Every structure is written in structure tokens, then in C-alpha cells.
There are 2 protein chains.
Amino acid sequence: MQVLAKSRKEVLQEFRTGGILQAARAVFARNGYTAATIDEIAEAAGVAKGTVYLYFDSKRELFLATLREGVLELHAEVQRDIDSAASAAAKIRAFIHGRLHYCDRNRDFFRIYYTEFASLQVHASDESPAFQDLYDQQAALLESILRRGIRQGEIRSCNVPRTARLIYDLTRAAIARHVRDGKSNHIKESTSELCDFIWRGIQC
Amino acid sequence: MQVLAKSRKEVLQEFRTGGILQAARAVFARNGYTAATIDEIAEAAGVAKGTVYLYFDSKRELFLATLREGVLELHAEVQRDIDSAASAAAKIRAFIHGRLHYCDRNRDFFRIYYTEFASLQVHASDESPAFQDLYDQQAALLESILRRGIRQGEIRSCNVPRTARLIYDLTRAAIARHVRDGKSNHIKESTSELCDFIWRGIQC
DNA sequence: TCGAGGATTGACCCGTCAGTCAGTATTTTG
DNA sequence: CAAAATACTGACTGACGGGTCAATCCTCGA
């Protein structure tokens with residue numbers, strides 16, 4: 001019964017962890033990190049406060065776990081979309097559309113992601129490096145798309161890291177508006193408009 | 001002596017208010033709203049905690065006053081720059097350059113502005129409307145520049161409000177990188193690169 | 001110089017909440 | 001079924017910090 005017992009324990013572990021993470025995501029998204037309380041998260045998850053601390057060491061760690069979970073899932077999904085696109089233009093479109101699509105389905109996650117990203121930009125902190133790496137990795141992804149596009153004559157020569165950042169920033173801002181305005185339709189249109197802007201600029 | 005007495009009081013009022021605002025700006029920028037304490041701000045301003053409450057009703061109000069002061073000054077400066085530019089391209093450049101220039105000189109302000117903007121985007125709050133108006137007013141400024149450019153054949157037809165937002169977002173993101181990376185030079189270059197991106201896109 | 005009125009101070013009050021842990025419930029094992 | 005192990009609970013603690021206010025300090029006119 002050793003194997004089964006262990007499996008049962010694992011299942012329970014996963015069940016609780018998942019439930020708490022889901023509750024935390026909602027509460028953090030609604031109130032922001034500071035205003036959210038462990039009591040509220042515990043209640044939302046249907047467990048006692050103490051139980052939360054059986055699965056996560058601290059409020060901060062719970063928050064970071066919530067963030068990390070979403071970021072990893074987002075990145076994996078977007079990566080898939082990009083890989084199945086051919087041209088640089090299509091890959092950039094996949095980058096934008098994949099993100100919009102994921103965040104539209106996971107608005108709570110995006111709220112956390114967005115504010116945390118902003119404060120990370122501005123306040124150096126201890127756990128910054130870990131997330132900075134995740135972000136940089138995404139920027140690097142865009143950079144390689146751009147470089148390939150330039151090499152193949154699809155994209156004009158430009159400062160690649162800087163341009164990658166601009167596209168990344170534009171995408172984030174576009175998602176913010178989407179999430180804020182609450183329209184879950186029009187994702188395709190938003191993507192097209194944004195791609196058009198990035199591609200052609202505003203010049204006549 | 002009525003007039004003089006009043007004037008003296010006013011001078012003192014202004015002196016204290018200014019000192020506290022300045023200290024608050026630095027402390028809020030360094031620690032963020034929640035982690036900042038009134039004790040720390042009071043110490044930085046060289047007054048006792050109670051004195052802070054003689055000039056501002058609450059922590060939140062002090063924060064908002066700090067933010068408002070900067071936003072108004074920024075907007076006034078940028079407005080001047082835009083007014084003295086002729087073409088749409090020059091006005092957009094003035095919009096970007098003016099902001100970069102101001103925030104580069106007032107980095108503490110920008111840190112506050114940036115994080116607050118992000119959380120405003122995501123969490124509806126009581127005092128949102130007042131600041132939302134300020135932001136919208138800036139977006140409207142950009143919109144009228146765009147419309148004029150389109151009318152005069154300088155800019156191609158596009159979704160004006162959306163495009164204005166994109167330019168606004170790009171500018172903010174560019175400043176964030178500047179402030180984060182700490183280079184106070186290269187403002188002109190950054191402006192040019194950004195204008196180029198907005199104008200021509202990345203297409204070959 | 002005196003004292004009235006205003007400005008300033010900082011010790012204190014009090015609500016909040018992250019984190020703890022002794023006790024209870026549930027499951028497993030022998 | 002008893003007892004050991006494991007999971008869970010929620011009342012409690014201690015730190016923290018926003019906000020207060022009685023006491024003190026200054027300034028200035030008489």
C-alpha cells in the first residue's frame with residue numbers, strides 16, 4: 001500500500017494546492033497584494049487559515065506561486081503558437097494573439113501580472129531576478145524573431161532589443177485595455193490593428 | 001499687520017507643505033505606497049509625525065497630492081512644447097520628448113506615476129475618476145494631433161483613440177526603461193527611435 | 001518681560017493581519 | 001477496534017503603523 005498511500009497523499013496535496021492557488025489568484029486580483037488577506041484567501045478556498053500555511057510558507061510565497069503558475073502557462077501556450085507560425089509577421093501576430101487570448105481567459109492572472117510587472121520595473125527587490133529572467137526570456141524570444149525577419153529581408157534593420165521591448169510593451173498595454181474594458185470578443189481585431197501599427201506605423 | 005501676519009502664515013504653510021511633499025515623493029518612490037510609512041516621510045521632511053497631519057488629512061491624501069503635483073507640472077510643460085511645434089510629426093515628437101525630459105529630471109515622480117497608473121488600470125477605486133480624467137485629457141491631446149495630421153494628409157487613416165493610446169503607452173514604457181536604466185543622456189536618441197518606430201513601423 | 005494664540009511634538013491608542021500551535025478530526029495501520 | 005499518524009482548525013500573539021492629542025515650544029503684540 002506504500003505506493004497507493006503516497007499517490008493518495010500526492011492527490012490531496014495537488015487538490016489543496018490548486019484550490020488555494022485559485023482562490024489566491026482571485027483575491028489578489030481583486031484587492032492587490034497588500035489589501036488581500038490570508039483569511040480571505042482561506043475562506044475563498046474553503047479551508048482554515050492554518051491550512052494555507054501547510055501548503056505555502058508565507059503570503060509573499062503564495063503570491064509568487066500564483067504569479068509563476070500563470071506566467072509559465074502563458075509562456076508555454078504562446079511558445080506553441082509561435083512555433084507553428086512561419087514568417088516573422090505571423091510569429092509576431094502569434095505572440096500578440098496568444099497573449100491576448102490567454103489573458104482574456106485568465107483576467108485575474110493578468111491583473112496580478114500587470115501590476116507586479118510595473119512595480120518590478122520600478123522597485124528593485126529580492127525576488128526580482130527570478131521574474132526578470134522570465135520576462136527577459138520572452139523579450140529574447142521576440143528578439144530572435146526580429147533578427148530572423150531582418151536577415152530574411154522581411155523586417156527593416158533596427159535596434160533589435162529596443163524594438164522587441166516596444167512590441168512587448170505594446171502588447172501588454174493592449175491587453176490591459178481589453179481586460180479593463182471587459183470585451184472578450186474582438187481579440188482578432190485588436191490583434192490585427194496592433195500588428196498593422198507595428199508593421200506600418202502611422203505615416204501616410 | 002493683518003496682511004503681513006497672513007502672508008507670514010501662508011509662507012510657513014507653503015514651506016511645510018512643499019517640504020513634506022518633497023519628502024513624500026522620495027519615500028513613496030523608494031518604497032511604494034504601502035511600504036512607505038508616515039514616520040519615514042516625517043523624518044525625511046525633518047518634522048514630527050503629527051505635523052504631517054496638520055498639512056494633510058491622511059496618508060492616502062498625501063500620496064494623491066504628491067501624484068497630482070507632478071502630473072500637473074508634467075502636463076503643463078508638455079503642453080507648452082506641443083504648442084510650439086507645427087506639424088503633427090513635430091507635435092508627437094514634442095509629446096514624447098517633453099515627457100521623457102520631465103520624467104528624467106523627476107524620477108521619483110515617475111516611479112509613483114507609473115505604478116499608480118498600472119494599478120488604476122486594473123483596480124477600480126474611489127479616487128480613480130479624478131486621475132482618469134487627467135490621463136484621458138492627455139490621450140485627447142494626442143487624439144487631436146492625430147486627427148489634424150490625418151486631415152492634412154500627414155498621417156494615414158486609423159482608429160484614432162486606439163492609436164493615441166498606443167503612442168501614450170509606448171511613451172510611458174520608454175520612460176520606464178530610461179528611469180530604470182539610469183541613463184540621463186540619450187533622451188534625444190530615444191525620442192528619435194521611438195518616433196521612427198511610430199512613424200514607419202518595422203516593415204522593410 | 002509677559003502671556004495668549006498658534007505651531008509642533010512624539011508617546012500613545014487601537015485596529016489589522018501575518019504567522020503559530022495546541023487541540024481536534026480523520027485516516028491508516030497493526 | 002485501538003492507537004498511531006496525518007490533516008486540519010481557528011483562537012491567539014506580536015509587530016506594525018495610521019492617526020490622535022495633551023503637553024511643550026515659539027512668536028509677537030502689549
Side-chain angles (χ1 to χ4, degrees), chain A residues 1-28 30-67 112 125-127, chain B residues 1-28 30-67 112 125-127:
Chain A
M1 272 274 166
Q2 200 59 17
V3 176
L4 245 179
K6 197 189 168 196
S7 151
R8 187 192 185 280
K9 184 180 173 180
E10 276 177 358
V11 167
L12 178 63
Q13 199 93 352
E14 219 161 289
F15 175 71
R16 288 279 189 231
T17 305
I20 293 168
L21 276 176
Q22 194 181 329
R25 181 188 280 208
V27 174
F28 281 133
R30 189 169 56 242
N31 304 335
Y33 176 73
T34 317
T37 67
I38 297 289
D39 281 296
E40 200 179 348
I41 292 168
E43 195 191 339
V47 297
K49 190 185 204 177
T51 305
V52 173
Y53 283 93
L54 290 176
Y55 294 90
F56 298 92
D57 286 345
S58 67
K59 183 185 182 185
R60 188 70 194 164
E61 190 164 306
L62 172 56
F63 177 75
L64 293 176
T66 306
L67 185 56
I112 296 169
S125 98
D126 303 338
E127 65 260 344
Chain B
M1 275 274 167
Q2 201 57 18
V3 176
L4 244 180
K6 196 190 170 195
S7 151
R8 185 192 186 277
K9 184 180 174 179
E10 275 177 359
V11 167
L12 178 63
Q13 200 92 353
E14 218 161 293
F15 176 71
R16 289 279 189 233
T17 305
I20 292 168
L21 275 176
Q22 195 181 330
R25 181 188 282 209
V27 174
F28 282 133
R30 189 168 57 242
N31 304 335
Y33 177 72
T34 318
T37 67
I38 297 290
D39 280 295
E40 199 178 348
I41 292 169
E43 195 190 337
V47 297
K49 191 188 206 177
T51 305
V52 173
Y53 283 94
L54 290 176
Y55 295 89
F56 298 93
D57 286 345
S58 67
K59 184 186 182 185
R60 188 70 195 164
E61 190 163 308
L62 172 55
F63 177 75
L64 293 175
T66 306
L67 185 56
I112 296 169
S125 99
D126 304 338
E127 65 259 343

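Since the model is a prediction, treat every value here as computed from it, not as a measurement.
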Next item on the list: Report yes if a side-chain nitrogen or oxygen of B:Tyr55 is closer than 4.0 Å to either non-bridging phosphate oxygen (OP1 or OP2) of C:dT8; otherwise report no.
Entry: yes

Check: B:Asn31 has an atom CG; how far is it from atom P of D:dC16, in whole Å?
Finding: 15 Å

Checklist line | Whole angstrom value for the distance that separates C1' of D:dC16 from NZ of A:Lys59 | finding: 13 Å

Next item on the list: Scan B:Ala42 against the nucleic acid and name what it touches under 4.0 Å (heavy atoms): base, sugar-phosphate only, or nothing.
Entry: nothing

Checklist line | Candidates D:dT9, C:dT9, D:dT20 - which lies nearest the side chain of B:Leu54 | finding: C:dT9

Next item on the list: Would you state whether a donor and an acceptor, one from the side chain of B:Lys49 and one from the base of D:dG18, lie under 3.5 Å apart?
Entry: yes

Check: Nearest-Å distance, OH (B:Tyr33) to C1' (D:dG17)?
Finding: 12 Å

Notebook entry, point to check: To the nearest 0.5 Å, how far apart are OG1 in B:Thr37 and CD in B:Glu43?
Noted result: 9.0 Å

Check: In whole Å, what is the span from the CD atom of B:Glu61 to the P atom of D:dG18?
Finding: 15 Å

Notebook entry, point to check: Looking at C:dT8, D:dC8, C:dA18, which one has an atom nearest to any side-chain atom of B:Arg16?
Noted result: C:dT8

Notebook entry, point to check: Given C:dT9, C:dA18, D:dG17, which nucleotide is nearest the side-chain atoms of B:Thr37?
Noted result: D:dG17

Next item on the list: Rounded off to whole Å, could you give me the OH-to-P distance for the B:Tyr53 and C:dC13 pair?
Entry: 18 Å

Item checked: Contact summary for A:Asn31 and A:Ala36, nearest pair of heavy atoms -> CB-N, 3.9 Å

Next item on the list: Please report, rounded to the nearest Å, how far the C1' atom of D:dA11 is from the CG atom of A:Asp39.
Entry: 11 Å

Margin query: Rounding to an integer number of Å, can you tell me how far B:Leu62 CG sits from D:dG19 C1'?
Written below: 13 Å

Next item on the list: Would you give the length of the straight line joining atom CZ of A:Phe56 to atom CZ of A:Phe63, rounded to the nearest 0.5 angstrom?
Entry: 13.5 Å

Next item on the list: Have a look at B:Thr51 and say if it touches a base, only the backbone sugar-phosphate, or nothing, with a 4.0 Å heavy-atom cut-off.
Entry: base

Check: Would you say C:dA18 has OP1 or OP2 under 4.0 Å from some side-chain N or O of A:Arg60?
Finding: no

Note to self: Whole angstroms only, please: what is the CD1-P distance between A:Ile41 and C:dG19?
What the structure shows: 11 Å

Margin query: To the closest 0.5 Å, what do you measure between OH (A:Tyr55) and CG (A:Leu21)?
Written below: 12.0 Å

Notebook entry, point to check: Of all the choices, D:dT9, D:dG19, C:dG19, which nucleotide is nearest to the side chain of A:Ser58 once you look at every atom?
Noted result: C:dG19

Next item on the list: On DNA chain C, check which nucleotide each of B:Gly50 and B:Gln13 is closest to and give me the residue with the more 5' one.
Entry: B:Gln13

Notebook entry, point to check: Which distance, rounded to the nearest 0.5 Å, do you find between the CG of B:Leu64 and the NZ of B:Lys59?
Noted result: 12.0 Å

Check: Choosing from D:dC8, C:dG19, C:dA7, which nucleotide comes nearest the side chain of A:Leu12?
Finding: D:dC8

Margin query: Once you apply a heavy-atom cut-off of 4.0 Å, does B:Phe56 come out as touching a base, just sugar-phosphate, or nothing?
Written below: nothing

